[in-house]
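Following: one structure in structure tokens, then a few remarks.
We count ligands from 1, going down the list as the structure has it; atoms in each ligand are counted the same way.
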Amino acid sequence: MTQELEFTRPDDWHLHLRDGAEMASVLPHTARCFARAIVMPNLKPPVVTTAQAIAYRGRIQAALPAGLDFTPLMTLYLTDGTTPEEMRRAQASDAVMAAKLYPAGATTNAENGVTRLECIYPALAAMEEAGMPLLVHGEATAADIDVFDRERAFIEASLLPLLRDFPGLRIVFEHITTAEAAELVRAGPPTLAATITPQHLLYNRNAILAGGIHPHYYCLPVLKREHHRQALVAAATSGHPRFFLGTDSAPHAVGAKESACGCAGIYSAHAAIELYAEAFDQAGALDKLEGFASFHGADWYGLPRNPDRIRLRREAWPVPDSYTFGETQVRPLRGGETLGWRLLAE
Ligand code: DOR
Ligand code: ZN
């Protein structure tokens with residue numbers, strides 16, 4: 001049995017850092033492991049201009065503890081009013097890597113998202129021309145669509161039309177959760193890639209609803225049936241270069257999750273690479289972890305692979321019940337339980 005792993009330092013291609021004191025308290029968890037992360041723009045209010053993205057990047061850099069080397073890669077939040085000029089400005093900056101499509105109302109802080117895809121067609125045309133990637137939260141939002149069918153409905157209603165109408169647009173289908181999404185990306189054009197979270201590799205929907213309601217396993221897109229989980233594990237461990245790591249680590253105050261109307265989001269930054277190692281280990285595919293975590297995303301985004309390396313040891317350690325989150329606490333994935341892989345400090 002492999003006792004120790006050493007591989008190229010990974011990157012997180014989908015991360016929620018929040019802002020202010022909350023951001024400052026979660027940032028070290030990501031920066032202890034990942035060299036770079038694509039930082040989501042769904043702040044309140046959202047990051048919609050290049051100037052706002054540059055200011056947010058500055059706040060992140062200022063909050064980084066001394067001795068940690070970490071590069072935040074910024075994104076813009078698309079709204080019905082996003083202009084092609086803003087996209088060209090973003091692409092010309094050295095700060096903004098991509099723009100994020102939240103269908104209006106799809107998830108946390110998506111109220112200002114896009115109501116109809118046609119509203120952003122001019123912006124998408126500018127992105128296609130400039131080579132700026134589109135990151136999609138792939139869930140249809142109509143009230144009559146079952147929550148568990150929303151990703152599949154998005155593929156039909158929105159993603160296939162986008163692929164047809166913008167054949168040159170580079171698209172990341174974020175945090176995929178279904179066999180259908182995995183198959184679409186596997187068989188799809190080179191412009192289409194996907195990120196996969198640790199929770200969607202490790203858990204199915206029973207984690208939320210069996211034996212009581214477990215709000216800390218609730219995220220969007222919601223966990224699906226076991227056969228979907230298995231399809232995601234197969235995709236992530238296949239070695240296919242267009243599947244890569246994106247934690248979607250999304251911290252919320254404990255009280256905002258343990259509530260009559262709990263927020264969507266799972267916090268995984270405290271043990272992200274360890275959780276992925278567990279999933280790959282269970283699948284007998286530890287040899288595929290480096291590609292998924294450290295090569296495929298960098299290659300797809302056209303960035304250099306990281307020059308340094310990390311080490312993980314097979315070693316049990318107890319995950320704290322909670323971590324400080326600004327003025328409150330966040331409950332991490334597997335809080336109060338044990339993990340079997342541990343990232344070693346340099
Ligand atoms: O569960 C989620 N939480 N899904 C998202 O798309 C957003 C995220 C958040 O920001 O909390
Ligand atoms: Zn997200």
Quiz item: How far is atom 3 (N) of ligand 1 from its nearest protein heavy atom, and which residue and atom name does that atom have?
Solution: Ala264 O, 3.1 Å
Quiz item: Does the gap between the ring centers of Tyr267 and His252 come in under 6.0 Å?
Solution: no
Practice problem: Take Asp69 and Arg36 through the test salt bridge (Lys or Arg N to Asp or Glu O under 4.0 Å) and record every step on the way to the result. | Solution: CA-CA 9 Å; Asp69 195 8; Arg36 300 169 287 205; over 6 Å; no
Practice problem: Kindly confirm or rule out an N or O of Gly265 lying under 3.5 angstrom from an N or O of ligand 1. | Solution: yes
Quiz item: Taking the six-membered ring where the residue is Trp, are the ring centres of Trp13 and Tyr301 under 6.0 Å apart?
Solution: yes
Practice problem: With heavy atoms of Ala250 as the reference, note each atom of ligand 1 found under 4.0 Å away. | Solution: 3 (N), 8 (C), 9 (C), 11 (O)
Quiz item: Would you say the ring centroid of Phe280 lies under 6.0 angstrom from that of Phe292?
Solution: yes
Exercise. Answer yes or no as to whether an N/O/S atom of His14 is found below 2.8 Å from the Zn ion (ligand 2).
Key: yes
Quiz item: Less than 3.5 Å between some nitrogen or oxygen of His252 and one of ligand 1, yes or no?
Solution: yes
Quiz item: With a cut-off of 2.8 Å, does any N, O or S atom of His16 fall short of it relative to the Zn ion (ligand 2)?
Solution: yes
Exercise. Output the atom name for the N/O/S atom of Asp248 with the smallest distance to the Zn ion (ligand 2).
Key: OD1
Quiz item: Hey, are Thr115 and Asp80 close enough side-chain-wise for a donor-acceptor pair under 3.5 Å?
Solution: yes
Quiz item: So is there a nitrogen or oxygen of Cys219 less than 3.5 Å from a nitrogen or oxygen in ligand 1?
Solution: no
Quiz item: If hydrogens are left out, which of Leu43, Ile266, Asn42, Thr107 has an atom nearest to atom 10 (O) of ligand 1, that is, the closest non-hydrogen atom?
Solution: Asn42
Quiz item: What atoms of ligand 1 come within less than 4.0 Å of a heavy atom belonging to His137?
Solution: 6 (O)
Quiz item: Parallel under 30°, tilted from 30 to 60°, perpendicular over 60°: which one fits the rings of His137 and His175?
Solution: perpendicular
Quiz item: With a 4.0 Å cut-off, would you call Arg342 and Glu315 a salt bridge?
Solution: yes
Quiz prompt | N/O/S from Glu174 sitting under 2.8 Å away from the Zn ion (ligand 2) | solution = no
Quiz prompt | Pair Tyr77 and Tyr102, ring centroids less than 6.0 Å apart | solution = yes
Practice problem: Look at atom 11 (O) of ligand 1 and find which of Met40, His14, Arg18, His16 reaches it with the closest heavy atom. | Solution: Arg18
Quiz item: Which heavy atom of Phe295 sits nearest a heavy atom of Thr8, and at what distance?
Solution: CE2-OG1, 3.5 Å
Exercise. Report yes or no: does a heavy atom of Leu220 sit under 4.0 Å from some atom of ligand 1?
Key: yes
